[in-house]
Number of protein chains: 2
Amino acid sequence: MVAGRPRAFDMEQALDRALQVFWRKGYEGTSLPDLTDAMGINRPSLYAAFGNKESLFRKALDRYSERNAIFVDEALSAPTAREVVEKLLHSVAYARCCPENPPGCLAVQAALVCGDDAESIRKELVMRRAASESRIRERMERAKEEGDLPTNADPTVLARYVSTVIQGMAVQSASGASHTELETVVEMALLAWPT
Amino acid sequence: MVAGRPRAFDMEQALDRALQVFWRKGYEGTSLPDLTDAMGINRPSLYAAFGNKESLFRKALDRYSERNAIFVDEALSAPTAREVVEKLLHSVAYARCCPENPPGCLAVQAALVCGDDAESIRKELVMRRAASESRIRERMERAKEEGDLPTNADPTVLARYVSTVIQGMAVQSASGASHTELETVVEMALLAWPT
DNA sequence: GTATTTGTGTACCAATCGGTCAATATGACA
DNA sequence: TGTCATATTGACCGATTGGTACACAAATAC
């Protein structure tokens, strides 16, 4: 980039707008007019700045993941396994219902199933969800080494359970559940935690 | 219907095939060629027999719901609240991974989010999921009246927790989880149950 | 056998899909 | 003040979307 006409829009803001649309309508449910309207730019500008629809989605997904990572990292750095899942679940209950964002979880609802064209997006999301679960599992393994969990506790199972509850809350949120409703789920889910 | 040329295909079988496609690809992700190919009929036959895409989906959804209702009814008729949720969760763990069906739950993944055109389908699915949760809640209310649950137990919260776990398992299944993996989730989820 | 009724097959419809081209506008730099 | 590099604009592309019109085939009713 040497000189030339400067870009008339804010790329960060435009990407945020695109993220919101994908979040609300999913990958397949979002059309290019949906995107250009929300981003306030026209089609060739979108393609010049972000590539095609798929690469725009991936950039939006990266942004989504980065923001999620902030509170996930914070939760995972709690001193005990119990505190980790408490923080994690409470954070998710808040984040999925944060009023300035669409309900639900992008990584769950953007392409849980899809037509053949979007199959690579679906697989990407499957991998991201698996990666999230792995991070929790690794934290539980550490907890077990530290004597922070009973010797018969299985980090894989614990992580899968927590992931399942989190994904269930995503569906609940996408169905209109409120923050307080999700909090009751969190409290109950924590009753299963080993002591 | 007085006379006329007889239908050359089996409507029940064709509807089953359509259900499979919607289940695997979601409402928006399924195209009419997807449907006609799977059903082995051509477009005008499909429209004559089932209306349009939306009404075909609703018929397929009804069929899906009926089949689900069989084991849900059986679970809800168990004598105690504890047995109800045990049966329910184990049944779901099996049903979501039954090898002759697509993974996941149609009512969750067919249109968790979507474009404007499919909005009425999405709302229908939200209502069905809410109805399922209500059935569980009513069963828990009955259990409480029967002294089958602690006096401080909240049927609404119990039902929401069970629904959330079930929906989480649907996401896990759609992501490739096996039956035995879901069973470990069930066992752990049951640890939260009040005694 | 002929009329009537219904299903099937082909070919088509307008609208929308994701994506691009060529012309023009706008800035930085010399 | 040009020159050059990039951004914006509107029109356009072929392919696909959900949905139909119409001619023909196959059965029953008389």
Side-chain angles (χ1 to χ4, degrees), chain A residues 1-15 17-18 21-22 24-61 110-111 113-122 124, chain B residues 1-15 17-18 21-22 24-61 110-111 113-122 124:
Chain A
M1 177 129 34
V2 182
R5 179 173 173 176
R7 192 169 275 122
F9 63 93
D10 181 343
M11 280 194 67
E12 304 295 309
Q13 186 187 44
L15 185 54
R17 300 267 179 83
V21 178
F22 282 126
R24 242 180 307 115
K25 301 192 168 188
Y27 180 71
E28 284 180 332
T30 299
S31 70
L32 282 165
D34 287 337
L35 290 167
T36 52
D37 288 354
M39 299 166 85
I41 65 181
N42 51 29
R43 222 176 284 212
S45 296
L46 187 158
Y47 276 80
F50 301 103
N52 59 12
K53 184 186 177 186
E54 178 168 342
S55 97
L56 172 59
F57 176 80
R58 295 192 128 94
K59 287 177 173 62
L61 176 61
V113 294
C114 59
D116 303 329
D117 293 347
E119 198 51 28
S120 73
I121 297 289
R122 191 187 67 84
E124 170 77 29
Chain B
M1 176 131 31
V2 182
R5 177 172 174 175
R7 192 170 273 122
F9 63 93
D10 181 343
M11 279 194 69
E12 304 296 309
Q13 185 186 47
L15 185 54
R17 300 267 180 85
V21 179
F22 282 127
R24 241 180 309 115
K25 299 191 169 188
Y27 180 72
E28 284 179 332
T30 299
S31 70
L32 283 167
D34 288 336
L35 291 167
T36 53
D37 288 355
M39 300 165 84
I41 64 181
N42 51 30
R43 222 175 285 212
S45 296
L46 187 157
Y47 277 80
F50 302 103
N52 59 11
K53 183 186 176 185
E54 177 168 343
S55 96
L56 172 59
F57 175 81
R58 295 192 129 95
K59 287 176 172 63
L61 176 61
V113 294
C114 59
D116 303 329
D117 293 346
E119 197 53 28
S120 72
I121 297 289
R122 190 187 69 82
E124 170 76 30

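Because the structure is a prediction, the values reported are computed rather than measured. Note on naming: letters A, B, ... go to the chains in the order of the sequence lines (proteins, then strands), and numbering restarts at 1 for each one.
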For this session: Grab the CG-P distance between N42(A) and dT24(C) for me, whole Å please.
Result: 17 Å

For this session: Could you pull out all residues at least two apart from R58(A) that satisfy side-chain contact (heavy atoms from CB on, under 4.5 Å)?
Result: E54(A), S120(A), I121(A), E124(A)

Problem set entry | Where at least one partner belongs to residues 38-53 of chain B, residue pairs that pass salt bridge (Lys or Arg N to Asp or Glu O under 4.0 Å), sequence neighbours excluded | none

Exercise. Would you say E28(A)'s side chain and G115(A)'s backbone share a donor-acceptor pair under 3.5 angstrom?
Worked result: yes

For this session: May I ask you to decide if the ring planes of F22(A) and Y27(A) are parallel, tilted or perpendicular, using 30° and 60° as cut-offs?
Result: parallel

Exercise. Atom NZ of K25(A) to atom C1' of dG18(C): distance rounded to whole Å?
Worked result: 16 Å

For this session: Using a cut-off of strictly less than 4.0 Å between a heavy atom of the residue and any atom of DNA chain C, enumerate the qualifying residues of residues 8-15 of chain A by number.
Result: none

Exercise. Could you state the CG-P distance from L35(A) to dG19(C), rounded to the nearest angstrom?
Worked result: 11 Å

Problem set entry | Pairwise distance CG(L32(A)) to OH(Y47(A)) - rounded to 0.5 angstrom | 4.0 Å

Seminar exercise, completed: In whole angstroms, the gap separating C1' of dA28(C) from CZ of R7(A) amounts to 15 Å

Seminar exercise, completed: Sorted by chain and number, sequence neighbours left out, salt bridge (charged side-chain N to carboxylate O under 4.0 Å, His left out) with R122(A) holds for E119(A)

Problem set entry | Under 4.0 Å protein heavy-atom contact, by nucleotide of nucleotides 12-24 of chain D - B base, S sugar-phosphate only | -----SBBBB---

Problem set entry | For DNA chain D, stems built from three or more consecutive Watson-Crick or G-U wobble pairs below 3.5 Å | C:1-30 with D:1-30

Problem set entry | salt bridge (charged side-chain N to carboxylate O under 4.0 Å, His left out) involving R24(A) - partner list, sequence neighbours excluded | none

Problem set entry | Counterpart residues, side-chain contact (heavy atoms from CB on, under 4.5 Å), relative to D10(A) (two or more places apart) | E12(A), Q13(A)

Exercise. Partners of N42(B) by side chain to side chain donor-acceptor pair (under 3.5 Å), sequence neighbours excluded?
Worked result: S45(B)

For this session: Using side chain to side chain donor-acceptor pair (under 3.5 Å) as the criterion, list what pairs up with S31(B), not counting sequence neighbours.
Result: D34(B)

